[in-house]
Amino acid sequence: MSEVIVGHEQHPAALLEQVFGQIAADEMRGLPFYRENIPLRACGFQLFEQQWLGALLTPWMLSLVVLPGPQQTWQRRVVGERLMLALPCGTIGFTVSEIAGCGQYLSRSLMSPLESSLGAEQALRLAEQSALMVLSLPVMDVDAPVNPRRRAWFNKVSQMNNQHA
C-alpha cells in the first residue's frame, strides 16, 4: 500500500461517473432505496486550493467530494477518519473514503438516501447548487452583532445604567 495518494491531473467528473456507475450496476441497483429515475452525475467540480471539489449525485445519495488535484499528493489516511476542512462557506466535516479505480477521496453526505419526493431535475439542480454553495462566501448581516451574547450583555448593562441615572 502506497503512503502517498497522487492527484488527479484530469477533471474527475467522467472518472467518478464511470466508477460509481459500475457500483450502481454491480451493488446498488435493486436495493429498496435505489432511485432508478435519478441520474448519476458529478456536478460542479472545480479546483479549489489545488483540490477537486464538487458534488456527486447517484440514485442513492448526494455527497460533496474532494479529490487531490493536479500535481498534488496526499498522505494516505485511514478510511473512515474524519477531517474538518475550512471552505469559503464555513468549516465542514469530511470522511476519508476509498474506492477502486478512484483512490482515496474525502466525502460529506448531504442526503442519503435521497428523499423519495425528489425528482430527477430537482436532484440535479440540488447537486449543482450544493457544489456552488460550498465555495461561496457566506453572506453576513453587517449590522448583526459579532457575538450576540456579548451584545445582549451590553444592552442589559446599558438598561441598568439608564434605570439608575
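Given the structure is predicted, the values throughout are model-derived calculations rather than measurements. Values below: all heavy atoms of this structure, side chains included; hydrogens, waters and symmetry mates excluded.
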Novice: Run the side-chain contact (heavy atoms from CB on, under 4.5 Å) test on F94 and M84 for me, step by step, so that the C-alpha distance in whole Å, both residues' side-chain angles and the decisive distance to 0.1 Å come before the verdict.
Specialist: CA-CA 6 Å; F94 284 82; M84 301 299 285; over 6 Å; no
Novice: What about M28 and I99, same hydrophobic cluster or not, with Ile/Leu/Val/Met/Phe/Trp/Tyr joined at side-chain heavy-atom distances under 4.5 Å?
Specialist: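 Looking at the clustering, I99 is in the same group as M28.
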Novice: Tracing side-chain links under 4.5 Å among I, L, V, M, F, W and Y, which residues wind up in one group with V6?
Specialist: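 Same cluster as V6: nobody, lone residue.
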Novice: Decide whether Y105 and L64 are clustered together by the hydrophobic rule: side chain heavy atoms of Ile, Leu, Val, Met, Phe, Trp, Tyr closer than 4.5 Å, transitively.
Specialist: no
Novice: Closest approach of W60 and F20, non-hydrogen atoms and distance?
Specialist: CH2-O, 3.8 Å
Novice: According to a hydrophobic-cluster definition based on side-chain heavy atoms being under 4.5 Å apart (Ile, Leu, Val, Met, Phe, Trp, Tyr only), do I23 and L15 belong together?
Specialist: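 Yes: a chain of side-chain contacts under 4.5 Å links I23 to L15.
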Novice: Please enumerate all residues that pass side chain to side chain contact (heavy atoms under 4.5 Å, CB included) together with Q71, with sequence neighbours excluded.
Specialist: E9
Novice: Suppose the criterion is salt bridge (Lys or Arg N to Asp or Glu O under 4.0 Å): which pairs have a residue in residues 103-119, not counting sequence neighbours?
Specialist: none
Novice: By salt bridge (Lys or Arg N to Asp or Glu O under 4.0 Å), which residues pair with R125, not counting sequence neighbours?
Specialist: E121
Novice: Restricting to side chain to side chain contact (heavy atoms under 4.5 Å, CB included), what partner residues turn up for V79, sequence neighbours left out?
Specialist: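 With neighbours one apart ignored, the set is E98, Q104.
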Novice: Does the pair L106 and L85 meet the rule for a side-chain contact (heavy atoms from CB on, under 4.5 Å), with working shown?
Specialist: CA-CA 10 Å; L106 304 178; L85 296 183; 3.8 Å; yes
Novice: Would you call V4 and R76 a side-chain contact if the rule is heavy atoms closer than 4.5 Å?
Specialist: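 No, their side chains stay 4.5 Å or more apart.
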Novice: Can you name the side-chain hydrogen bond (donor to acceptor under 3.5 Å, both in side chains) partners of R77, sequence neighbours left out?
Specialist: E81
Novice: Only pairs at least two apart or in different chains count here, so list each side chain to side chain donor-acceptor pair (under 3.5 Å) that has a residue in residues 15-32.
Specialist: Q22-D26, R29-Y34
Novice: Between L62 and L126, is there a side-chain heavy-atom distance shorter than 4.5 Å?
Specialist: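 Sidechains of L62 and L126: in contact.
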Novice: List for me each residue that meets side chain to side chain contact (heavy atoms under 4.5 Å, CB included) alongside S109, sequence neighbours excluded, and say none if there are none.
Specialist: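 Once residues adjacent in sequence are excluded, the partners of S109 under the side chain to side chain contact (heavy atoms under 4.5 Å, CB included) criterion are S63, S112.
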Novice: Nearest heavy-atom pair of M111 and L118: which atoms, and what distance?
Specialist: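 Nearest pair, atom of M111 first, then L118: SD-CD2, 4.0 Å.
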Novice: If the condition is side chain to side chain contact (heavy atoms under 4.5 Å, CB included), which residues does S116 pass it with, not counting sequence neighbours?
Specialist: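 Applying side chain to side chain contact (heavy atoms under 4.5 Å, CB included) to S116 gives none.
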Novice: Restricting to side-chain hydrogen bond (donor to acceptor under 3.5 Å, both in side chains), what partner residues turn up for S107, sequence neighbours left out?
Specialist: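 For S107, the residues satisfying side-chain hydrogen bond (donor to acceptor under 3.5 Å, both in side chains) (neighbours in sequence not counted) are S97.
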Novice: L132 and L135: same hydrophobic cluster, using ILVMFWY side-chain contacts below 4.5 Å?
Specialist: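 No; tracing contacts between hydrophobic side chains, which count when under 4.5 Å, never links both residues.
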Novice: Any link between I5 and V66 through a network of hydrophobic side chains (Ile, Leu, Val, Met, Phe, Trp, Tyr) touching at under 4.5 Å?
Specialist: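 Shared cluster, yes.
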Novice: Walk me through it: do V134 and I92 pass the test side-chain contact (heavy atoms from CB on, under 4.5 Å)?
Specialist: CA-CA 9 Å; V134 77; I92 298 178; 3.6 Å; yes
Novice: May I ask you to test the L16-L67 pair for a side-chain heavy-atom distance under 4.5 Å?
Specialist: yes
Novice: Compile the donor-acceptor pairs under 3.5 Å between side chains in residues 36-53 and protein atoms, sequence neighbours left out, one pair per line.
Specialist:
{"unit_1": "Q51", "atom_1": "OE1", "unit_2": "W74", "atom_2": "NE1", "d": "3.2"}
{"unit_1": "W52", "atom_1": "NE1", "unit_2": "H8", "atom_2": "O", "d": "2.9"}

